[in-house]
Amino acid sequence: MMDLVVRDGRIYTGGRLLNTDIWIKNGRIAALGGYNTAAERIDASGMIIIPGVIDMHVHFRDPGYTHKEDWESGSISAAAGGVTTVVDQPNTDPPVMDAESYKEKLNLAKRRSVVDFCLNGGPGDIESLLREGAAAIGEIFMYEMSEERLVRILKEVERLDALATVHAEDGEVIQRYSEPLGGICDPDVHSRARPPIAEVSAIDHAMSVSRCRIHICHISTADGLELVKRRRNRKVSCEVAPHHLFLSRRDYRRMGTFLKTNPPLRNTADCDALWDGLRRGDIDIIASDHAPHLPEEKRDDIWHAPPGVPGVETMLPLMLYAVKSNMITLERAVDALSSRPASILGLRSKGEISIGKDADLVIFDPKRQERIDVQRLHSRADWTPYEGKKAIFPVMTLVRGSVVFDGDIEVSPGYGRNIEMRQETRTEEISD
């Protein structure tokens with residue numbers, strides 16, 4: 001791999017922007033300024049450079065549902081949006097529930113991904129999945145399982161000192177609220193059938209029975225966030241998805257069943273509370289919950305349309321525009337998108353621009369804002385819930401010192417590297 005210097009940009013490192021150069025050797029950051037052996041240069045004049053985004057929650061649908069997305073299209077979409085590491089969820093076909101299914105997905109990802117990746121394991125043969133290198137166990141869909149099974153899973157995760165990621169919705173609450181609404185097809189009925197109490201009840205239960213490290217996925221309500229704040233400890237973390245920040249129940253009028261997602265869209269007061277929680281750091285991270293489905297699938301009635309929206313490519317661009325609009329600081333955005341996900345997952349080589357870390361970089365022009373246009377996106381889903389919203393897209397994305405996207409994809413499928421948790425425990429040096 002050729003040595004490289006990124007010149008004359010403003011580098012976000014150590015909580016501030018510095019005017020310095022980044023020197024890259026063997027895919028790692030070798031120095032910040034004062035180094036002189038690079039053979040190749042990238043001119044970043046007028047640009048800001050931040051660490052590559054770590055998206056802890058994507059559904060790339062491969063294997064089993066590749067008409068919606070596969071590792072190649074999903075990872076290209078990630079790279080175009082400044083995401084340099086993804087964590088894929090286990091609900092594919094076959095679901096990743098044991099060593100054999102883990103290896104099957106791993107082989108596909110190794111052949112097709114252009115960004116680095118981790119794989120989560122499902123709540124099956126947990127010990128074998130962790131032995132293979134799974135990043136975490138989950139997402140665990142609480143509304144699909146019995147009390148006995150949930151407790152058994154969380155105890156096993158605790159025994160093995162692993163991380164559990166949970167989808168916190170109470171199945172009994174959902175059933176109770178859904179039954180009287182069965183004849184209603186207004187898209188907003190989906191939010192009414194899965195009310196905030198379904199989330200609050202599940203969060204309360206998960207935190208009561210769990211003694212393991214637990215990460216609460218896509219928190220969506222003010223009440224759920226308040227409960228996490230009151231009950232959390234060092235073993236608990238949580239995330240918010242962009243659609244729960246930028247969209248609300250009002251948007252059903254505009255996009256109808258396309259906006260069906262679990263947990264559902266909430267009121268604007270919930271959105272405001274989530275923004276406040278994110279700014280304060282009560283919400284640890286932002287994760288896309290990228291869940292692509294084709295337009296013809298999403299046009300079904302609200303009870304049968306599949307839940308989920310695409311978002312891996314638009315997450316960072318939306319947040320960079322939010323920074324520009326003074327909705328959140330750059331410091332908190334980088335922490336939530338890069339530094340904190342790396343910490344939660346234990347990815348020692350990721351999440352910061354500092355010496356010895358992987359040279360995963362996003363270069364963007366803070367003055368180059370544009371409106372999101374699905375024709376310029378790369379997901380196989382071929383639609384976006386954010387059409388027309390203002391955003392700031394990366395000019396260039398680097399993974400381990402190689403330019404993977406600069407308007408076009410610049411690496412071959414298979415460039416992405418699997419990050420096994422057992423490997424991340426080793427300290428690696430930059431070789432001379």
Side-chain angles (χ1 to χ4, degrees), residues 1-6 22 24-30 38-42 49-56 58-63 66 69-88 92 102-120 133 135 288 290 312-313 315-316 337-338 341-342 345 347-351 353 356-364 377-380 393-421 423-424 428 430-431:
M1 180 179 290
M2 187 175 293
D3 293 352
L4 177 69
V5 59
V6 181
I22 304 175
I24 299 167
K25 185 178 179 65
N26 297 330
R28 296 284 185 94
I29 297 171
E40 185 177 351
R41 298 186 176 197
I42 292 174
I49 306 166
I50 60 175
V53 171
I54 300 168
D55 191 342
M56 271 186 64
V58 304
H59 299 266
F60 278 176
R61 308 297 190 201
D62 193 358
T66 53
E69 197 80 281
D70 64 14
W71 272 100
E72 183 174 345
S73 63
S75 64
I76 289 173
S77 189
V83 176
T84 55
T85 302
V86 296
V87 182
D88 191 63
T92 43
Y102 184 94
K103 290 175 182 175
E104 178 180 348
K105 180 182 282 191
L106 178 61
N107 288 335
L108 292 169
K110 284 181 174 179
R111 293 203 306 268
R112 297 176 181 170
S113 185
V114 303
V115 299
D116 288 351
F117 60 90
C118 304
L119 303 181
N120 274 5
S288 72
H290 177 75
V312 70
E313 188 168 348
M315 177 170 65
L316 174 64
L337 289 163
S338 303
L345 291 168
L347 303 183
R348 298 182 181 184
S349 62
K350 305 288 187 182
I353 298 178
K357 300 284 189 181
D358 285 350
D360 296 346
L361 308 173
V362 178
I363 303 174
F364 69 94
L377 303 181
H378 298 80
S379 171
R380 193 165 286 174
F393 281 85
V395 173
M396 186 177 292
T397 304
L398 287 78
V399 176
R400 285 177 284 109
S402 292
V403 176
V404 296
F405 191 85
D406 60 0
D408 293 303
I409 197 68
E410 298 294 346
V411 295
S412 299
Y415 175 76
R417 183 189 68 175
N418 174 224
I419 309 169
E420 298 181 21
M421 296 301 103
Q423 292 179 346
E424 281 293 306
E428 300 178 73
I430 298 176
S431 59

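As a basis for the values below, the full set of heavy atoms in this structure was taken, side chains included, without hydrogen atoms, waters or symmetry mates. All residue numbers in this chain count up from 1 along the given sequence.
Inter-residue side-chain proximity for Phe405 and His378 is flagged as met; some heavy-atom pair is nearer than 4.5 Å. Side-chain contact between Leu316 and Val83 is absent, with no heavy atoms from C-beta onward closer than 4.5 Å. At least one side-chain heavy atom of Pro63 sits less than 4.5 Å from a side-chain heavy atom of Lys105. Using a 4.5 Å heavy-atom threshold, the side chains of Phe364 and Ile50 count as touching. Between Ile42 and Ile363, some side-chain heavy-atom pair lies under the 4.5 Å cut-off. Side-chain contact between Pro341 and Val87: absent, with no pair of heavy atoms (C-beta onward) separated by less than 4.5 Å. Using a 4.5 Å heavy-atom threshold, the side chains of Lys350 and Leu345 count as separate.
Among all heavy-atom pairs drawn from Val114 and Ser412, the shortest one is CG1-O, 4.1 Å. Counting all heavy atoms, side chain and backbone alike, Pro394 lies closest to Ala80 at CD-O, 3.5 Å. Closest non-hydrogen pair, Val362 versus Gly82, comes out as CG2-O, 3.2 Å. Summarising the geometry of Thr397 relative to Ala79, their closest heavy-atom pair is OG1-O, 2.8 Å, with the distance given to 0.1 Å. Minimum heavy-atom separation, Glu313 to Phe393: O-CE2, 3.8 Å. In terms of heavy-atom proximity, Val86 sits nearest to Ala78 at CG1-CB, 4.1 Å.
In this structure, CG in Leu119 is found 10.5 Å from CD1 in Ile419, a value given to the nearest 0.5 Å. Of the inter-residue distances, the one linking Ile24 atom CD1 with Asp3 atom CG reads 9.5 Å to the nearest 0.5 angstrom. Put simply, CG on Leu106 and CG on Asn418 are 4.5 Å apart, with the number rounded to the nearest 0.5 Å. One finds the CG atom of Asp116 at 10.5 Å from the OG atom of Ser75 (value rounded to the nearest 0.5 Å). Rounding to the nearest 0.5 Å places CD of Glu410 at 10.5 Å from OG of Ser402. Here the CG-CG distance, from Asn120 to Asp88, works out to 8.0 Å after rounding to the nearest 0.5 Å.
Looking at Arg28, its side chain does come within 3.5 Å of a backbone N or O of Gly356 through a donor-acceptor pair. Checked by atom type and distance alone, the side chain of Ser379 never pairs as donor or acceptor with a backbone atom of Ser77 at under 3.5 Å. Under a 3.5 Å cut-off, the side chain of Lys357 and the backbone N or O of Arg348 do form a donor-acceptor pair. Side chain of Ser338 to main chain of Gly52: a donor-acceptor pair is present (N/O by atom type, distance under 3.5 Å, no hydrogens or angles). Between the side chain of Asp406 and the backbone N or O of Met396, no donor-acceptor pair lies under 3.5 Å. Judged by distance alone, the side chain of Glu69 and the main-chain N or O of His59 form no donor-acceptor pair under 3.5 Å. The closest donor-acceptor contact from the side chain of Ser113 to the backbone of Lys110 lies at 3.5 Å or more, if one exists at all.
A side chain to side chain contact (heavy atoms under 4.5 Å, CB included) with Asp360 is found for exactly one of Val53, Thr85, Leu398, namely Thr85.
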Quiz item: Please walk me through it: do Arg380 and Asp62 pass salt bridge (Lys or Arg N to Asp or Glu O under 4.0 Å)?
Solution: CA-CA 12 Å; Arg380 193 165 286 174; Asp62 193 358; over 6 Å; no
Practice problem: Begin from the C-alpha positions of Met315 and Leu337 and carry the test side chain to side chain contact (heavy atoms under 4.5 Å, CB included) through to its verdict. | Solution: CA-CA 9 Å; Met315 177 170 65; Leu337 289 163; 4.0 Å; yes
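Between Phe117 and Trp71, the angle of the ring planes lies from 30° to 60°, which puts this pair in the tilted group.
Salt-bridge formation is not detected for the pair Asp358/Arg400: no Lys NZ or Arg NE/NH1/NH2 atom is positioned less than 4.0 Å from an Asp or Glu carboxylate oxygen.
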